[in-house]
Amino acid sequence: MSANVPPVDRVAAAQRSIAARQARAAVKARISAGELPPVRALRDAPGSSYERMRVTEFLTSIPGVGPRRAEDILDEVGVSPRKRLGGLGVRQAESLARYLARGITRAERAQNRLFVLAGPTAVGKGTVAAYIHNQEPDIMISISATTRLPRIGEVDGANYYFVDDATFDSMIADGEFLEWATVHNAFRYGTPRKPVEEALAAGRRVLLEIDLQGARMVKSKMPNAYRVFLMPPSWDELVRRLIGRGTESEEEQARRLETAKVELASVSEFDAIVLNDDVGRAAREVVGLMSC
Ligand code: 5GP
């Protein structure tokens, strides 16, 4: 069929498609920059130069909305992620507009300041978090409680609160944890709730450096938390880093590598992936994501 289309028409069609792509990119850039309210962009979409923009593309151009959040919003308003703005039914467009116009409530805004940094063992989450702590003192890095023993050089109250099993049990019983988990089938780790809630209420951004189970629990309790997955450059590099730091016994290393396989398989659950090829670069990328 297309062989019968006169070349002039094909050139014109290609030009129209380039112009439409540019129009979509320009609208997304204006939404990202806060110049164009998303509700207005949605209202004006039918018949516009950007009507073929996919709803997911539209939502992820809104500051603070990552792919996971976009998926949740679309799920809530009952719109398929494959829909284009111009193809929304009247009722779909209305419920999406209502969601956006309602804006984000105070609680949601606080949750939007909560960030999770997860990723497999030895990928360097702790090092990246420490770098962020030094460079961005206004970001609160949560200090977890753990039942594992301190490693050489670790300081109680700075790296972790090192507690015994009985203390950890009573912290659970008293509802003191935002989340907690048994990690690598060995020790328990938990995020103390109060300091996190106080920092969020004071308008600070908070970063939790936790494992996959904790990341899932935070997501279920605070769906607007933004979750970043720190990725090693390769599996071999991960093994090299784990063995190289020499802080675990061979048995513990094997256990951690088993967990790492499970953690790596969960990457699609996250809002963003950051490659830890260089600590400073990765930390800056995480801070960039926290500043959107
Ligand atoms: P490590 O023993 O190497 O310091 O930490 C082991 C694992 O526990 C890491 O994956 C770390 O992210 C995770 N972890 C540290 N603190 C917490 C926490 O408060 N909650 C959960 N769920 N995991 C944590």
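Start at 1 and go down the list; that is how both ligands and their atoms are numbered. One is the number of the first residue; the rest follow in order along the sequence.
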How about L264 and F229: do any of their side-chain heavy atoms sit closer than 4.5 Å? yes

Say whether E263, considering both its backbone and side-chain N or O atoms, lies within less than 3.5 Å of an N or O atom on ligand 1. no

same_hphob_cluster(I210, W180) at 4.5 Å side-chain heavy-atom cutoff: no

Under 4.0 Å from one or more heavy atoms of R148, ligand 1 contributes atoms 1 (P), 2 (O), 4 (O)

Give the atoms of ligand 1, by number and element, whose distance to some non-hydrogen atom of A181 is under 4.0 Å. 22 (N)

For I210, which part has a heavy atom under 4.0 Å from ligand 1: side chain, backbone, both, or neither? both

Taking atom types as modelled, is there a side-chain donor on R69 or N224 under 3.5 Å from an acceptor on the other? yes

Can a donor-acceptor pair be found between the side chains of R245 and T247 at a distance below 3.5 Å? yes

Within 45° of the axis and under 6.0 Å from the centre of the six-membered ring of F177, does NZ or CZ of R193 qualify? no

Would you mind reporting whether P232 and N276 have side-chain heavy atoms less than 4.5 Å apart? no

Evaluate Y189 for polar contact with ligand 1, using N/O atom pairs at a separation under 3.5 Å. yes

Close-contact set for ligand 1 against G214 heavy atoms, below 4.0 Å: 22 (N)

Checking the side chain of T60 only, and the main-chain atoms of T56 only, is there a donor and an acceptor separated by less than 3.5 Å? yes

Below a 4.0 angstrom heavy-atom separation, can you tell me which part of Y160, side chain or backbone, both or neither, approaches ligand 1? side chain

Answer yes or no for R151: is there a heavy-atom contact with ligand 1 below 4.0 Å? yes

Atom 11 (C) of ligand 1 [closest protein heavy-atom partner, distance rounded to 0.1 Å]: E209 OE2, 3.4 Å

When you measure from atom 23 (N) of ligand 1 to each heavy atom in D211, L230, T259, which option holds the nearest one? D211

Applying a strict 4.0 Å limit to heavy atoms, is T121 in contact with ligand 1? no

N/O of W180 under 3.5 Å from N/O of ligand 1, yes or no? no

Are V287 and F270 co-members of a hydrophobic cluster defined by side-chain heavy atoms under 4.5 Å apart? yes

Starting from atom 7 (C) of ligand 1, what is the nearest protein heavy atom, named by residue and atom, and what distance separates them? V183 CG1, 3.6 Å

Quick check: K125 and ligand 1, any N/O pair under 3.5 Å apart? yes

Heavy-atom contacts under 4.0 Å between Q213 and ligand 1: side chain, backbone, both, or neither? neither

With a heavy-atom distance limit of 4.0 Å, tell me whether R216 approaches ligand 1 through its side chain, its backbone, both, or neither. neither

Quick check: does G190 get an N/O under 3.5 Å from an N/O on ligand 1? yes

Residue pair R84 / V55, side-chain heavy-atom distance below 4.5 Å: no

Heavy-atom side-chain contact between F58 and L42 under 4.5 Å: yes

Please tell me if the side chains of V206 and R113 come closer than 4.5 Å, counting only heavy atoms from C-beta onward. no

Among non-hydrogen protein atoms, atom 16 (N) of ligand 1 lies closest to S144 OG, 3.1 Å

Would you check the N or O atoms of E248, main chain and side chain alike, for any that come under 3.5 Å of an N or O of ligand 1? no

So, R227 side chain and E269 main chain: donor-acceptor pair closer than 3.5 Å or not? yes

When you measure from atom 20 (N) of ligand 1 to every protein heavy atom, which one gives the shortest distance, and what is it? E179 OE2, 2.8 Å

Any side-chain heavy atom of E136 within less than 4.5 Å of one from M290? no

Identify, by atom number and element, the atoms of ligand 1 in contact range of T191, meaning under 4.0 Å from any of its heavy atoms. 19 (O)

